[in-house]
Structure formats: C-alpha cells, structure tokens
Amino acid sequence: MRSLKLLLFLTPIFLLAFSSSAQEYDFFYFVQQWPRSFCNTNQGCCYPTYGKPPSDFGIHGLWPNYNNSSYPTYCDPNNTFDINEVQGLVFSLRAKWPSLKCPRSDSSRFWQLQWMKHGTCSVLSQSDYFSAALQLKAVTNILQCLQLAGIWPDDRRYTTLTSVVSAIQNCVGHTIYVQCNRDIRGRHQLYQVYICVNQTGTGLIDCPVFPTRTCPSSFRFPKF
Ligand code: 5GP
C-alpha cells in the first residue's frame, strides 16, 4: 500500500520531468541558406574573418520540431557550447556553416547560438549534433540538384517555384520546403531550403508539416 502511494505520488513528477525535457520532438528541419540572399537585404552581411564562403548553400541549422509546427528552444542552459568538443570539425564547419552576420567573425558564435537555441533540445551530444549536420549537408547537395535541372544562380532570369521544388524533391527523394525573402529592391528571391530529418538526425524523411509562407510562383536566384 505504501509503495502504491509512493508510485501515485512519483508518477506526476516523472511525467512533468519528461514533458519539460523537450526531447520528444518529432523531427528536425535541416535548413540551408543561399548566401547571396542573406547578404543583399537591408541588413547586409559580412564575410567571415577566414574569407568569402563558397558559392554554395550554407548550413543555417538543424532544428528540432513538433508535428504541430511548434518547436522547443533553449532546452538546457547548462549544456553550454564548447568549441573543444568540435575541434576536429572546425575546418568543415567553417566551409559548410559560415556565419554571414556583421560584424565579421570566425562563425563560432553562430554555431554556439544554434547549439544553445536548437541543439540542446535534441537527443544528440554536441559533437554528434554538428557531425550530423555536416553529414546531412554532404548528402543533400541542393545546388547540384538545381543545376542538374538546369537552374543556375542568375542575376537576370527568374525561376519558378514548381521547378525549384520538383528539382530538389526529385533529387533528395523527399518533400521539402523553400523559403524566399526580398532583396534590397524588394524583389523575391530564394533564401532557404528546409529538408526534414528523423529524430536521430540520421535519415531524410518527408516533411510532416511545412512552415506557412512559401515563395511566390516566380522569384530570383541571385549569383554569389
Ligand atoms: P535562428 O534564430 O533562426 O535559429 O538563427 C538566427 C540567428 O543567428 C540570428 O540571431 C542571426 O543574427 C544569427 N546569425 C548569425 N549568422 C547568421 C547567418 O549567416 N545567417 C542567419 N540566417 N543567421 C545568422
């Protein structure tokens, strides 16, 4: 009887502990940004201290998400970013996950922010989180997907939403989401591509849910 009472007392505490751990997210968004479209807006950009990033999509983040479109953030303030944990990955992170924010930096603040805001809500350790993102980048060559479909960054021509979405979906084998922003002259342009990934960060999946606003039916894909 005493142990039953104890169980009844402890169960809500357990449920509370698990519901606030936020590690029961449903999937990840793996988000990549087109550098030119981050730069040619009102906010402008600064290249990293180690040089201009490659003309390729760069990683923005790997974000735990719920099927109802909401998402957890800053799940464990004690699990602080430690650059030593990713020492072996820094060379690749600099190339594949550059920060374009001003003032110019070595990008580590961007990785730190992404880890604290999103990574701490995942089931992954810090080194597994950054390795998973780099691995996902290696298997999702969006620029190549677009180029194979005849879509190249071009300052004059507009491209269509249907051609961009189907080029990437046919190539990665799953549904994806594209996001546009506006350049300094107010013109719509391809900004980010969202690919969905299972909870462990190991495999691509069809997106269970899409953010609400996508691109207009035609937009620019500017040169970088
Ligand atoms: P989010 O909140 O979307 O996960 O991350 C965006 C934050 O990262 C913003 O505070 C932004 O200023 C910072 N940040 C640093 N470098 C970059 C970058 O290259 N691209 C984007 N989109 N955000 C960056």
Side-chain angles (χ1 to χ4, degrees), residues 22-23 25-66 69-77 79-81 83 86 89-124 126 129-130 132-134 136-137 140 142-143 153 176-184 188-197 201 207 209-215 219-224:
Q23 296 191 348
Y25 57 96
D26 298 306
F27 68 98
F28 285 108
Y29 280 128
F30 178 55
V31 184
Q32 299 180 52
Q33 64 180 356
W34 180 245
R36 180 74 187 137
S37 303
F38 181 83
C39 288
N40 69 5
T41 58
N42 288 325
Q43 106 230 310
C45 80
C46 294
Y47 295 158
T49 46
Y50 49 86
K52 183 184 173 183
S55 293
D56 189 13
F57 285 85
I59 301 172
H60 179 165
L62 183 61
W63 303 339
N65 233 271
Y66 300 116
S69 294
S70 68
Y71 54 91
T73 53
Y74 298 105
C75 296
D76 188 356
N79 192 353
T80 50
F81 178 75
I83 192 82
V86 290
L89 305 175
V90 166
F91 184 80
S92 303
L93 288 172
R94 284 178 160 209
K96 310 290 183 188
W97 201 330
S99 173
L100 292 163
K101 193 184 166 182
C102 296
R104 65 209 290 264
S105 72
D106 65 1
S107 298
S108 58
R109 283 186 78 89
F110 190 27
W111 310 332
Q112 175 178 34
L113 180 126
Q114 292 297 311
W115 169 250
M116 295 307 293
K117 182 170 177 182
H118 305 283
T120 57
C121 300
S122 75
V123 293
L124 304 176
Q126 195 190 293
Y129 177 78
F130 286 97
L134 289 172
L136 289 164
K137 172 80 186 120
T140 55
I142 296 172
L143 186 60
I176 58 98
Y177 168 80
V178 295
Q179 183 183 35
C180 286
N181 65 358
R182 287 173 188 259
D183 69 12
I184 204 150
H188 294 280
Q189 57 184 356
L190 180 58
Y191 173 41
Q192 301 201 114
V193 176
Y194 289 54
I195 295 175
C196 294
V197 178
C207 286
V209 63
F210 296 110
T212 45
R213 218 161 19 99
T214 187
C215 296
F219 48 83
R220 302 176 77 241
F221 181 28
K223 267 193 191 147
F224 181 66

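What's counted below: heavy atoms across the whole structure, side chains too, no hydrogens, waters or symmetry copies. Remember, it's 1-based here, ligands and their atoms both numbered in the order they're listed. Because the structure is predicted, anything quoted here is derived from the model rather than measured.
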_Residues that Arg182 engages under side chain to side chain contact (heavy atoms under 4.5 Å, CB included), provided they are two or more places apart_ = His188
*Of the non-hydrogen atoms in Asp56 and Lys137, which two are nearest, and what is the gap between them?*
OD2-NZ, 3.3 Å
*SG-SG distance Cys75 to Cys121 under 2.5 Å*: yes
*What residues, two or more places apart in sequence or in another chain, satisfy side chain to side chain contact (heavy atoms under 4.5 Å, CB included) together with Phe81?*
Ile83, Val86, Trp111, Gln112, Trp115, Gln126, Phe130
Tabulation required: pairs of a nitrogen or oxygen in ligand 1 and a protein nitrogen or oxygen under 3.5 Å; columns are atom names and distance to 0.1 Å; otherwise 'none'.
from, atom 1, to, atom 2, distance (Å)
ligand 1, 2 (O), Lys117, NZ, 2.5
ligand 1, 3 (O), His60, NE2, 3.1
ligand 1, 4 (O), Gln114, NE2, 2.9
ligand 1, 4 (O), His118, NE2, 2.6
ligand 1, 5 (O), His60, NE2, 3.2
ligand 1, 5 (O), Gln114, NE2, 3.0
ligand 1, 12 (O), Lys101, NZ, 3.3
ligand 1, 16 (N), Ser99, OG, 2.7
ligand 1, 19 (O), Gln33, NE2, 3.0
ligand 1, 19 (O), Leu100, N, 2.8
ligand 1, 20 (N), Gln33, OE1, 2.9
ligand 1, 20 (N), Gln33, NE2, 3.2
ligand 1, 22 (N), Gln33, OE1, 3.2
ligand 1, 22 (N), Tyr191, OH, 3.2

*Should the pair Tyr29 and Tyr194 be assigned to parallel (<30°), tilted (30 to 60°) or perpendicular (>60°) ring geometry?*
perpendicular
_Residues which pass side chain to side chain contact (heavy atoms under 4.5 Å, CB included) with Ala132, listed by chain and number, not counting sequence neighbours_ = Leu62, Leu124
